[in-house]
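Protein chains get the first letters and strands the later ones, always in sequence-line order, with residue 1 at the start of each.
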Amino acid sequence: MAAAAALTAGFRKLPLPLAQLSLAAVLQCGQSFRWSIFPLTRCAPDTAADATTPSHEYRFCLKDRVVCLRQTPDALYYRSVCPTSLKPLDDDTREAQTLSWIRDYFQLDVDLLQLYEEWSDRDPVFRKLRHRFSGIRLLRQDPFECLLSFICSSNNNIKRISKMVKALCTEYTPALLSLPPPDEAEGELGVEAYHPFPPPSVLSAPEVAANLRKLGFGYRADFIQKTAKMLVDAHGSPSVAGTRPEPAEEWLSKLRAMTTADARIELLKLMGVGRKVADCVLLMSMDKPEVVPVDTHVHDIAKKYYGVAGSKAKTNMTPQLYDMVNTKLVNVWGTYAGWAQSVLFTSDLKAFASYGLDSPVPSDSTTAVATPTGSLPATPMQSPSPSKRKRGKKVAVQEETVAVTAAVFERLSATEGAVEVEYFTLAERVKRRRRGP
DNA sequence: ACTACACCTAGA
DNA sequence: CTAGGTGTAG
């Protein structure tokens with residue numbers, strides 16, 4: 001009782017079912033790479049199983065404040081900290097601003113439960129698995145941060161991406177403020193500095209590329225500097241340093257109002273941005289919920305089902321194929337197809353297994369997915385190669401993801417005739433990078 | 001328009 | 001050898 005109260009002391013409360021938002025899931029599934037996560041030590045070990053007290057604190061640094069979040073099954077707890085040097089803003093107005101940021105960032109106006117219902121109605125595969133992916137929704141991220149984060153994501157893993165994004169902040173933005181870890185006021189030993197994400201003008205400097213390479217960014221170092229420079233060159237650098245959004249950032253934000261196809265064309269002009277990265281940015285920061293980024297798993301399976309009708313499965317993913325796959329998945333899941341795909345595939349990456357977010361995987365789950373009930377085709381699923389059977393939880397989850405994807409595609413190919421196929425050819429429209437129309 | 005292939009780096 | 005790719009030259 002007292003312990004529970006202590007864990008939310010100083011926080012404002014926003015009633016919110018866990019099924020609408022699971023911070024533990026959403027903040028670690030590879031959407032944003034900049035949240036700090038702190039396990040909270042329980043006062044009494046006995047209450048460890050008490051699900052009504054928060055187990056973690058999550059922190060995120062904005063331009064003017066650090067947002068701190070905790071969660072229980074029925075509420076989100078929030079508070080924010082501003083630099084003491086700045087204008088003394090009274091708590092109520094400050095937290096009102098924080099709340100409105102939260103609503104926007106987590107897109108709380110979107111009813112996730114309703115979406116789950118819709119996806120369940122449309123797709124038997126989703127219906128069968130929905131219980132395992134509760135509270136997973138898309139963030140509405142800052143476009144520039146999202147763009148650079150996903151430029152970092154090519155041929156890369158979440159862990160390293162997070163490290164790189166953090167390096168960008170600490171290297172190129174002065175610390176906004178420092179905070180001790182949540183639990184303890186253990187002196188100043190654990191204090192951590194919080195840095196906002198750097199603006200385009202700072203990253204556009206020529207020497208940035210070399211420095212980022214030194215920091216281990218690899219070939220992405222040049223992409224980042226070049227993209228930042230392209231944006232700044234095209235839209236101008238800030239008249240006064242330190243002011244709010246730079247022209248380049250505002251321009252990126254305007255892509256939200258454009259059609260998906262047009263916004264994508266703009267993004268593809270930037271260095272290090274191919275179809276996959278562009279689609280991630282569209283989905284996660286540009287209000288384009290129907291966009292389905294085609295990752296390697298979907299990629300492979302799509303090739304298998306749509307690559308070459310009969311010949312070798314070695315077909316590459318071409319822009320047309322990519323479009324076709326995307327269109328077909330929209331036909332399965334609807335206008336929030338990108339969200340649905342994220343729930344099913346983005347969510348169960350490695351990070352999850354270690355956080356106990358997924359319910360135990362039934363031993364027969366793979367078979368169950370492969371031979372779903374209902375209207376799914378009876379086409380037998382190719383069983384996982386015996387050589388891969390290392391029998392770890394991770395491996396099981398990974399295999400299942402592939403199985404789910406394959407099941408969806410099998411259903412697609414079975415209902416081929418009924419599916420409306422109209423897709424635009426992107427390549428035709430992107431005449432040339434780095435050049436106007 | 002489609003196909004190869006190199007590219008940085010950390011970790012199985 | 002791959003990890004949730006992209007630029008570039010044939």
Between P on C:dG7 and CG on A:Leu267, what's the gap in Å once rounded to a whole number?
12 Å
Taking only side-chain nitrogens and oxygens of A:Arg213, does any of them come within less than 4.0 Å of OP1 or OP2 of B:dC8?
yes
If you check every side-chain atom of A:Met271, which of C:dG7, B:dA10, C:dG4 has the closest atom?
C:dG7
Counting only side-chain heavy atoms from C-beta out, which of C:dT6, B:dG11, B:dC8 sits nearest to A:Val277?
C:dT6
In whole angstroms, how far is the P atom of C:dG4 from the CD1 atom of A:Ile151?
18 Å
Only one of A:Asp287, A:Val291, A:Leu255 passes side chain to side chain contact (heavy atoms under 4.5 Å, CB included) with A:Leu282; say which it is.
A:Val291
Atom-pair distance (CG on A:Asn157; P on C:dC1), nearest Å
19 Å
Please report the distance separating the P of C:dA9 from the corresponding atom of B:dC8, rounded so that it comes out in whole Å.
15 Å
Work out how far the P atom of C:dG4 is from that of B:dC5, and round it to whole angstrom.
24 Å
Between B:dC8 atom C1' and A:Lys163 atom NZ, what is the distance in whole Å?
12 Å
Separation of C:dG4 C1' from A:Ile158 CD1 (nearest whole Å):
8 Å
In whole angstroms, how far is the P atom of C:dA3 from the CD1 atom of A:Ile161?
13 Å
Would you say A:Gln114 has more than 12 foreign heavy atoms packed within less than 6.0 Å of its CD?
no
Can you name the nearest heavy-atom pair linking A:Pro174 to A:Pro196, along with the distance?
O-CD, 3.6 Å
Per-residue pairing states of DNA chain B in dot-bracket (Watson-Crick or G-U under 3.5 Å; . unpaired, | other strand) read .||||||.|||.
Whole-Å distance between B:dC7 P and A:Arg160 CZ?
15 Å
Please report the distance separating the C1' of B:dA10 from the corresponding atom of C:dG7, rounded so that it comes out in whole Å.
23 Å
Measuring from atom SG of A:Cys29 to atom CZ of A:Arg137, what distance do you get when rounded to the nearest 0.5 angstrom?
12.0 Å
State the OG-CG distance between A:Ser342 and A:Leu283, to the nearest 0.5 angstrom.
5.0 Å
Just compare B:dA10, C:dG5, C:dG4 and give me whichever is closest to any side-chain atom of A:Cys280.
C:dG4
To the nearest 0.5 angstrom, please state how far the OH atom of A:Tyr219 sits from the OG atom of A:Ser154.
3.5 Å
Near DNA chain B, counting only heavy atoms under 4.0 Å, which residues of residues 216-226 of chain A show up?
A:Gly216, A:Gly218, A:Tyr219, A:Arg220
Do A:Arg59 and A:Phe38 meet the cation-pi criteria used here (NZ or CZ under 6.0 Å from the six-membered ring centre, within 45° of the axis)?
yes
Is A:Asn155 touching bases, backbone alone, or none of the nucleic acid, heavy atoms closer than 4.0 Å?
base
Other residues, nucleotides and ligands only: do more than 12 of their heavy atoms fall within 6.0 Å of NZ on A:Lys288?
yes
Nearest-angstrom distance from the residue atom CD of A:Gln31 to P of C:dG4
15 Å
I want to check one thing: is the phosphate of C:dT6, taken as OP1 and OP2, less than 4.0 Å away from some side-chain N or O of A:Lys276?
no
Taking the six-membered ring of A:Phe60, is NZ or CZ of A:Arg34 closer than 6.0 Å to its centre and within 45° of its axis?
yes
Using the ring of each side chain (for Trp, its six-membered ring), is A:Trp119 parallel, tilted or perpendicular to A:Tyr116, with breaks at 30° and 60°?
tilted
Please measure how far the C1' atom in C:dT2 lies from the corresponding atom in B:dA6, and state the result in whole Å.
16 Å
